[in-house]
Amino acid sequence: MLVSLTVGKVDAGVTVLLTPDKRLIEFPSILLPPNISSGSIVDIDVSQNLTKESAAESKFRSLQERIYNAFGASEPAVPILRCRNATQTSIVLEWDPIDLATADLLSLSLHRNGQKAGNIPRPLQMHSTKISGLAVDTEYTFHLVLRTTAGTFSSDKVTVRTHKMTDLSGITITTGILTAPVKERLVQAVERIGAKIVDGVRIDTTHFVTMEGRGQAWEKAVETNIPVVRPEWVEACESSGRILGVTKFYLDAMRPGPPIDEQSPPPPAPKDTPQAAAAPNGQQTKESSGESLDKKPAEEPQQADNDAESDDDSEDDAPEPKGRSGPSDEQKVRLEDKEGSNLALRPAEQTKKESEGEDDDEEGDARAKPAATPDGASFQEVEL
């Protein structure tokens with residue numbers, strides 16, 4: 001189609017063309033013939049190029065197909081959740097690896113009884129989780145929620161009920177170092193109670209049974225806080241018909257000893273002094289028999305003298321009544337003799353009695369009988 005247009009304003013980039021019905025058309029100046037100025041008339045032939053149009057459309061459709069196949073043909077898969085193991089107080093859940101297709105992961109969260117329990121750490125690497133601290137014989141509902149850049153996807157709900165105390169089927173045992181007879185008895189006991197034994201320490205391992213605390217499996221069990229018990233724990237659970245606590249069956253726990261009555265009496269304590277040798281006729285020697293017998297009589301006079309001295313001290317410390325004269329001349333002389341010749345004084349009470357006029361017979365008996373000093377020596381009274 002041929003169209004005649006009048007050139008209006010000419011600029012370096014755009015030229016204004018006028019149609020016969022006085023409409024303005026902006027046209028690129030580079031497409032017009034050279035030496036065009038305002039008022040010039042140009043003829044423009046316009047036609048549709050169907051061949052090129054078809055090729056361009058085919059090229060565009062091919063690009064759209066590649067984009068759809070790369071980013072829109074598949075979408076993230078819905079998580080598939082299932083129960084792996086259940087015990088009296090814990091549940092182990094697992095799911096298939098997350099398929100994100102071409103989307104990006106935002107978060108993967110676990111919901112319990114309709115409420116969010118928490119996000120799963122490292123959801124692309126972790127495919128299981130363990131929920132502990134649950135109530136015994138209680139029903140719980142779990143489901144996963146996957147959030148991606150392509151949308152949010154929720155898994156089906158899984159209903160799990162924790163076991164009763166008499167249900168031992170949830171016990172999962174990993175064995176450590178055991179002797180052949182002990183391991184054989186353990187396998188038989190596990191089969192009878194309905195539990196299971198697995199190889200290696202896994203997330204669903206509930207107890208690690210061993211007789212010695214060493215090895216890589218034992219180290220992993222300790223790191224993951226799995227109870228390490230002796231084989232007697234399984235036998236005790238079987239005999240009682242219910243799951244028992246593991247405190248008394250820990251590998252490092254002290255085993256109960258025999259009762260106190262059955263223990264042998266402690267050996268006698270060694271004596272400080274050696275036993276005295278027996279004489280040929282069966283009697284003890286003088287040192288062994290006479291020493292203990294003479295000890296008490298030697299102590300009694302000393303005690304009596306101490307009492308007498310304490311009485312004398314108390315009498316000396318007491319205030320003297322008015323009108324009474326001081327100590328007699330005889331006592332003063334004896335005190336001077338004691339300081340000079342180391343002669344012991346008689347007790348104050350005896351001096352007082354003599355001064356008051358005791359009988360001559362009693363005086364003679366007192367003089368004839370030797371008195372005991374605090375150090376155990378005897379002396380005779382000397383009359384001054």
Side-chain angles (χ1 to χ4, degrees), residues 81-97 122 125-138 158 160-266:
L81 181 66
R82 56 184 173 270
C83 176
R84 182 171 179 175
N85 186 38
T87 64
Q88 282 73 14
T89 58
S90 64
I91 294 175
V92 177
L93 301 174
E94 64 178 2
W95 55 88
D96 294 338
R122 299 182 291 109
Q125 291 79 25
M126 293 184 59
H127 305 140
S128 60
T129 185
K130 184 176 183 179
I131 302 98
S132 303
L134 303 178
V136 180
D137 193 19
T138 306
V158 176
V160 185
R161 191 176 191 87
T162 55
H163 292 180
K164 298 180 180 180
M165 296 300 293
T166 56
D167 187 0
L168 305 179
S169 60
I171 298 176
T172 304
I173 296 174
T174 299
T175 59
I177 300 176
L178 299 173
T179 60
V182 173
K183 187 171 184 179
E184 184 178 357
R185 291 197 306 269
L186 177 64
V187 172
Q188 295 175 359
V190 168
E191 292 178 355
R192 287 192 297 266
I193 64 178
K196 57 182 177 292
I197 297 178
V198 296
D199 296 334
V201 178
R202 308 187 312 188
I203 189 173
D204 57 341
T205 299
T206 59
H207 299 82
F208 187 84
V209 180
T210 183
M211 297 176 65
E212 298 182 15
R214 57 187 177 88
Q216 294 182 354
W218 171 78
E219 294 178 357
K220 186 175 181 180
V222 173
E223 292 176 359
T224 53
N225 294 326
I226 296 176
V228 180
V229 297
R230 302 190 303 270
E232 291 85 347
W233 176 78
V234 180
E235 299 175 357
C237 292
E238 181 185 7
S239 60
S240 61
R242 56 180 295 159
I243 190 168
L244 300 178
V246 297
T247 304
K248 298 180 180 179
F249 299 92
Y250 278 134
L251 183 63
D252 55 352
M254 294 182 62
R255 302 191 180 185
I260 299 178
D261 297 337
E262 298 180 2
Q263 293 181 356
S264 59

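Position 1 is the first residue of the sequence, and the numbers go up from there. If you're wondering where the values come from, they're calculated on a predicted model, not measured in any experiment.
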Under 3.5 Å, side-chain donor or acceptor atoms of residues 216-224 against the rest of the protein: list the pairs with distances, not counting sequence neighbours.
residue: K220; atom: NZ; partner: V201; partner atom: O; Å: 3.2
residue: T224; atom: OG1; partner: K220; partner atom: O; Å: 2.8
residue: T224; atom: OG1; partner: A221; partner atom: O; Å: 3.3

From T172 OG1 over to I203 CD1, what is the distance, rounded to the nearest 0.5 angstrom?
11.5 Å
Does NZ in K196 sit with more than 12 non-hydrogen atoms of other residues, nucleotides or ligands closer than 6.0 Å?
yes
Partners of E212 by salt bridge (Lys or Arg N to Asp or Glu O under 4.0 Å), sequence neighbours excluded?
R214
I'd like to know if the side chain of Q88 reaches the main chain of L168, judged simply by a donor and an acceptor atom lying under 3.5 Å from each other, with no hydrogens or angles considered.
no
For T206, all residues meeting side-chain hydrogen bond (donor to acceptor under 3.5 Å, both in side chains), sequence neighbours excluded
none
To the nearest 0.5 angstrom, please state how far the CZ atom of R202 sits from the CG atom of N85.
8.5 Å
Side-chain contact test, heavy atoms from C-beta onward, threshold under 4.5 Å: evaluate it for T129 versus V92 and give yes or no.
no
Which residue pairs pass the salt bridge (Lys or Arg N to Asp or Glu O under 4.0 Å) test with at least one member in residues 83-96, sequence neighbours excluded?
R82-E94, R82-D96, R84-E94, R84-D204
Where is the tightest heavy-atom contact between V160 and A86, given as atom of each residue plus distance?
CG1-CB, 4.1 Å
In Å and rounded to the nearest 0.5 Å, what is the SG to CD1 distance from C237 to I243?
6.0 Å
Has T87 got a side-chain atom pairing as donor or acceptor with S90's backbone, closer than 3.5 angstrom?
yes
Would you check if C83 and I91 make a side-chain contact, meaning some heavy-atom pair closer than 4.5 Å?
yes
According to the ring-ring contact (aromatic ring centres under 6.0 Å, His included) rule, which pairs have a member within residues 192-212, sequence neighbours left out?
H207-W233
Would you list the atom pairs, donor with acceptor, under 3.5 Å between side chains in residues 173-190 and any protein atom, with sequence neighbours excluded?
residue: T174; atom: OG1; partner: G200; partner atom: O; Å: 3.0
residue: T174; atom: OG1; partner: T205; partner atom: OG1; Å: 3.2

Would you sort out whether S169 and H163 count as a side chain to side chain contact (heavy atoms under 4.5 Å, CB included), showing the intermediate values?
CA-CA 8 Å; S169 60; H163 292 180; 3.3 Å; yes
Min side-chain heavy-atom separation M165-V136 under 4.5 Å
yes
